[in-house]
Amino acid sequence: MTKIGILEVEGILTLYENFGHLPTDIVRSDGTIENGKKASEELDGLIIPGGTLLESETMTQEVADEINKINDNDGFIFGMCAGFQILAKHTNVGRNSPVPIIREGLGLLDVTFEPKINTNQVEAEVVDDTTLFTKGLKGTTLRGFHCHTYGEIQSNDKNVIYSEIKRSNYKYKPERVLSGVANKKGNILGTTLHSMLDNNPQVVENILKYIDATDEYEDIKRRNKILHDKVFKEIAVNTGKIAPLKPTHPVDPPMIMLMATGSESGKTFLSSGIVGALRERGIHTYVIKVGPDIRDLSPSLYVNKEKLEDYASIQISTIGWMPIEEIIQKVKNKGYDLILIEGVMSALTGLLNEKTPYSAAEIAHAADIPVVMVSSVSKGGIETAAVDIEAHIQLLNKMDIKTRGIILNRTYDPKIVEQAKEFLSNKTGIDQDYIWSISKAKVENKGQLPEDYLQLEKFTKAAIDVVNKDLDVDKFYNLAQRPKFRGYLTYDEICDIYKS
């Protein structure tokens with residue numbers, strides 16, 4: 001019987017994509033599968049998903065040994081994103097560091113990585129068909145998406161796939177970039193092209209032919225479904241917490257948006273904490289990002305064991321993946337109890353751009369989505385954060401956007417918080433029961449931003465802990481409402497509202 005492993009250790013996004021419904025067995029941190037036997041003794045191949053393997057430093061010597069043995073046995077090894085980095089020589093993870101921060105890989109691919117951010121949906125060309133994965137596919141176009149911080153690839157191995165990207169490092173910069181490298185034998189492939197196996201069945205067929213399992217595919221998919229359902233039930237990885245998910249869900253899940261008064265307010269941290277706390281209560285929440293930076297969704301997807309769907313990114317202007325009016329239709333009957341939308345930068349960033357929509361506020365207006373306004377007190381203090389929130393809410397009121405709640409994030413003085421809550425309630429009409437003060441979290445994270453040197457397991461645990469302590473998630477959940485697309489404000493309408 002064919003067995004295809006998928007590595008699941010802390011920091012890995014096991015169900016971030018389906019991988020062609022191929023995985024049948026989990027490989028644990030001790031290098032064994034569920035029956036207790038070594039992976040190399042049982043598996044025909046191994047898939048290493050994306051996540052924060054290097055940052056979390058959860059690749060054990062036992063797993064490394066098994067990967068090397070699978071290679072020695074000519075089994076196939078497919079490394080996706082962070083899995084690609086693990087197979088490489090090393091990665092410089094110091095994107096915001098004045099000096100390189102080098103993390104070593106296994107060196108099975110003669111490749112190094114440097115920082116280069118990309119979150120595009122892309123098409124990619126196969127330029128080499130001498131690998132088991134790409135056999136007969138030279139010149140073929142593959143579909144998928146990129147979601148990485150370290151995408152500058154230097155290779156001395158077999159370059160197999162090149163992607164056409166439009167943006168990198170937050171700027172419009174069309175270019176052709178290396179996105180897939182194989183070893184000389186052709187049984188190992190590392191790639192940054194997410195959903196490569198899901199969107200391109202020819203690659204899956206090649207893998208099945210290589211392991212002589214074409215006739216077993218239906219049985220493999222059956223076992224994959226069992227594996228998926230088992231993994232999906234657990235909250236995050238190696239927590240032992242099983243989500244008591246409800247058996248029924250609304251056809252049209254209600255939506256709510258976390259907006260902020262500025263960048264680095266803690267939206268991503270709070271989103272993952274809210275998702276985890278709701279999941280502990282049996283409420284299935286999916287998080288969607290305004291704009292293209294889907295990296296911000298990784299902590300929530302890690303907690304929720306979710307796939308990154310095409311509707312996970314809301315299009316603003318020409319960036320992002322899907323317009324909100326289409327997303328409202330796409331999320332119907334998907335088994336969600338709540339859609340939590342994470343805003344981009346400030347709620348008003350881009351509001352006066354002639355391209356519409358170009359801000360989180362315009363998206364909230366267009367779909368009649370209620371919002372919870374977030375402000376970090378770290379830079380200007382609690383008093384300044386309260387004034388900023390009040391000013392934002394006044395403008396949102398003029399745009400006919402309903403602010404249902406407020407979060408003061410990273411607070412430090414309960415007495416000042418009480419004064420600020422009274423001020424905000426008086427000025428906005430929001431009951432103090434829906435004005436939450438989130439204390440500073442003790443998160444052992446080596447980076448300042450969610451996407452920089454993030455350790456998913458520690459980041460999300462800290463987020464869930466502080467949300468459970470300081471925020472009533474049942475009340476938060478009840479603030480959401482079913483969306484109703486009512487069209488976008490015109491540029492002239494926005495200018496009139498803003499100036500008034």
Is any side-chain heavy atom of Leu396 less than 4.5 Å from a side-chain heavy atom of Met259? yes
Minimum heavy-atom separation for Ile363 to Pro357, with atom names? CD1-CG, 3.9 Å
Asn304 side chain to Ser300 backbone, donor-acceptor under 3.5 Å: no
Does OH belonging to Tyr412 count more than 12 external heavy atoms closer than 6.0 Å? yes
For Ile165, does its backbone N or O pair with a side-chain atom of Asn120 as donor and acceptor, under 3.5 Å? no
Decide whether Ser425 and Gln432 meet the rule of one side-chain donor and one side-chain acceptor closer than 3.5 Å. no
Residues Ile153 and Leu178: closest non-hydrogen pair is CD1-O, 3.2 Å
Does some side-chain heavy atom of Asn224 sit less than 4.5 Å from a side-chain heavy atom of Leu22? no
Knowing that exactly one of Ile339, Ile294, Leu297 qualifies, which makes a side chain to side chain contact (heavy atoms under 4.5 Å, CB included) with Ile288? Ile339
Less than 4.5 Å apart, any side-chain heavy atom of Ser359 and any of Leu348? no
Side chain proximity check, Ile438 to Leu471, heavy atoms < 4.5 angstrom: yes
Measure across Ser195 and Phe145 and return the closest heavy-atom pair with its distance rounded to 0.1 Å. OG-CE2, 3.5 Å
Side chain of Asp198, backbone of Gly20: donor and acceptor closer than 3.5 Å? yes
Of the non-hydrogen atoms in Ser439 and Val466, which two are nearest, and what is the gap between them? O-CG2, 3.5 Å
With distance as the sole test, does Tyr286 use its side chain to make a donor-acceptor pair with the main-chain N or O of Lys334 at under 3.5 Å? no
Between Asn169 (side chain only) and Lys171 (backbone N and O only), is there a donor and an acceptor less than 3.5 Å apart? no
Less than 3.5 Å apart, any donor N or O on the side chain of Thr428 or Glu390 sitting next to an acceptor on the other? no
Measuring only between side-chain heavy atoms, which start at C-beta, is Gln481 closer than 4.5 Å to Arg404? yes
For the backbone of Tyr491 and the side chain of Glu354, can you confirm whether one donor and one acceptor N or O come within less than 3.5 Å of each other? no
Test item: Thr191 side-chain N/O and Ser179 main-chain N/O as donor-acceptor pair under 3.5 Å: yes
For Glu152, which residues count as a side-chain contact (heavy atoms from CB on, under 4.5 Å) partner, sequence neighbours excluded? Glu114, Lys116, Gln154
Between Tyr150 and Asn92, does a side-chain contact (heavy atoms from CB on, under 4.5 Å) hold up when you go through it step by step? CA-CA 8 Å; Tyr150 314 108; Asn92 172 19; over 6 Å; no
Please list all pairs passing the salt bridge (charged side-chain N to carboxylate O under 4.0 Å, His left out) test where one or both residues lie in residues 490-500, with sequence neighbours left out. none
Contact check, side chains of Gln121 and Asp310, non-hydrogen atoms, under 4.5 Å: yes
Do Tyr172 and Lys166 have side chains that get closer than 4.5 Å, going by heavy atoms? yes
Could you list the residues that satisfy side-chain contact (heavy atoms from CB on, under 4.5 Å) with Ser298, not counting sequence neighbours? Leu13, Leu456
Would a distance-only check, ignoring hydrogens and angles, find a side-chain to backbone donor-acceptor pair under 3.5 Å from Lys421 to Ile435? yes
Checking side chain to side chain contact (heavy atoms under 4.5 Å, CB included) against Leu340, which of Pro254, Ser271, Ser272 comes through? Ser271
Asp465 with Lys469: basic N within carboxylate O range, under 4.0 Å: no
Could you tell me whether the side chain of Ser313 and the main chain of Gly291 form a donor-acceptor pair under 3.5 Å? yes
Validation row: Leu424, Ile430 side chains within 4.5 angstrom (heavy atoms): no
Stepwise, does the side-chain contact (heavy atoms from CB on, under 4.5 Å) test hold for Ile12 with Val237? CA-CA 8 Å; Ile12 267 189; Val237 177; 5.7 Å; no
Between Phe485 and Tyr488, does the ring centre distance come in under 6.0 Å? yes
For this output row, return yes or no: ring centroids of Tyr302 and Phe459 closer than 6.0 angstrom. no
Regarding Asp388 and Lys379, does a basic nitrogen lie under 4.0 Å from an acidic carboxylate oxygen? no
With a 3.5 Å cut-off and no angle check, do the side chains of Asp337 and His249 form a donor-acceptor pair? yes
Anything under 30° is parallel, anything over 60° is perpendicular, the rest tilted; go ahead and classify Phe78 against Phe133. tilted
I'd like to know whether Ile327 forms a side-chain contact (heavy atoms from CB on, under 4.5 Å) with Ile314, so could you lay out the CA-CA distance, the side-chain angles of the two residues, the decisive distance to 0.1 Å, and finally the verdict. CA-CA 8 Å; Ile327 291 172; Ile314 300 174; 3.5 Å; yes
Determine, step by step, whether Asp293 and Arg295 satisfy the salt bridge (Lys or Arg N to Asp or Glu O under 4.0 Å) criterion, reporting the C-alpha distance in whole Å, the side-chain angles of both residues, the deciding distance to 0.1 Å, and the verdict. CA-CA 5 Å; Asp293 203 350; Arg295 294 174 306 153; 2.8 Å; yes
Has Arg167 got more than 12 heavy atoms of other residues, nucleotides or ligands less than 6.0 Å from its CZ? yes
Ignoring hydrogens and angles, write down the donor-acceptor pairs under 3.5 Å from the side chains of residues 472-480, residues two or more places apart or on other chains.
residue : atom : partner : partner atom : Å
Asp472  : OD1  : Asp474  : N            : 3.2
Asp472  : OD1  : Lys475  : N            : 3.1
Asn478  : ND2  : Asp474  : O            : 3.1

Taken in chain and number order and not counting sequence neighbours, the residues that satisfy side-chain contact (heavy atoms from CB on, under 4.5 Å) with Glu280 are Ile235, Lys241, Ile464, Asn468
Any idea which heavy atoms bring Gly343 and Lys289 closest together, and the distance? O-NZ, 2.8 Å
What class does the angle between the rings of His146 and His148 fall in, given that below 30° is parallel, 30 to 60° is tilted and above 60° is perpendicular? tilted
Test salt bridge (Lys or Arg N to Asp or Glu O under 4.0 Å) applied to Asp229 and Lys225, step by step: CA-CA 6 Å; Asp229 292 348; Lys225 177 66 165 56; 2.7 Å; yes
Salt bridge (Lys or Arg N to Asp or Glu O under 4.0 Å) with Glu125: which residues, sequence neighbours excluded? Arg176
With a sphere of 6.0 Å drawn around NZ of Lys440, does it hold more than 12 non-hydrogen atoms of other residues, nucleotides or ligands? no
Can you name the nearest heavy-atom pair linking Met80 to Leu193, along with the distance? CE-O, 3.0 Å
Intermediate values then yes/no, side-chain hydrogen bond (donor to acceptor under 3.5 Å, both in side chains), Thr140 and Gln202: CA-CA 10 Å; Thr140 299; Gln202 314 98 305; 5.5 Å; no
Taking it one step at a time, do Arg410 and Ser376 satisfy side-chain contact (heavy atoms from CB on, under 4.5 Å)? CA-CA 6 Å; Arg410 306 178 187 129; Ser376 171; 2.8 Å; yes
Decide yes or no on salt bridge (Lys or Arg N to Asp or Glu O under 4.0 Å) for Glu8 and Lys305, but give the supporting numbers first. CA-CA 11 Å; Glu8 185 178 53; Lys305 296 290 187 63; 3.4 Å; yes
Where the side chain of Gln85 meets the backbone of Arg103, is there a donor-acceptor pair that is under 3.5 Å apart? no
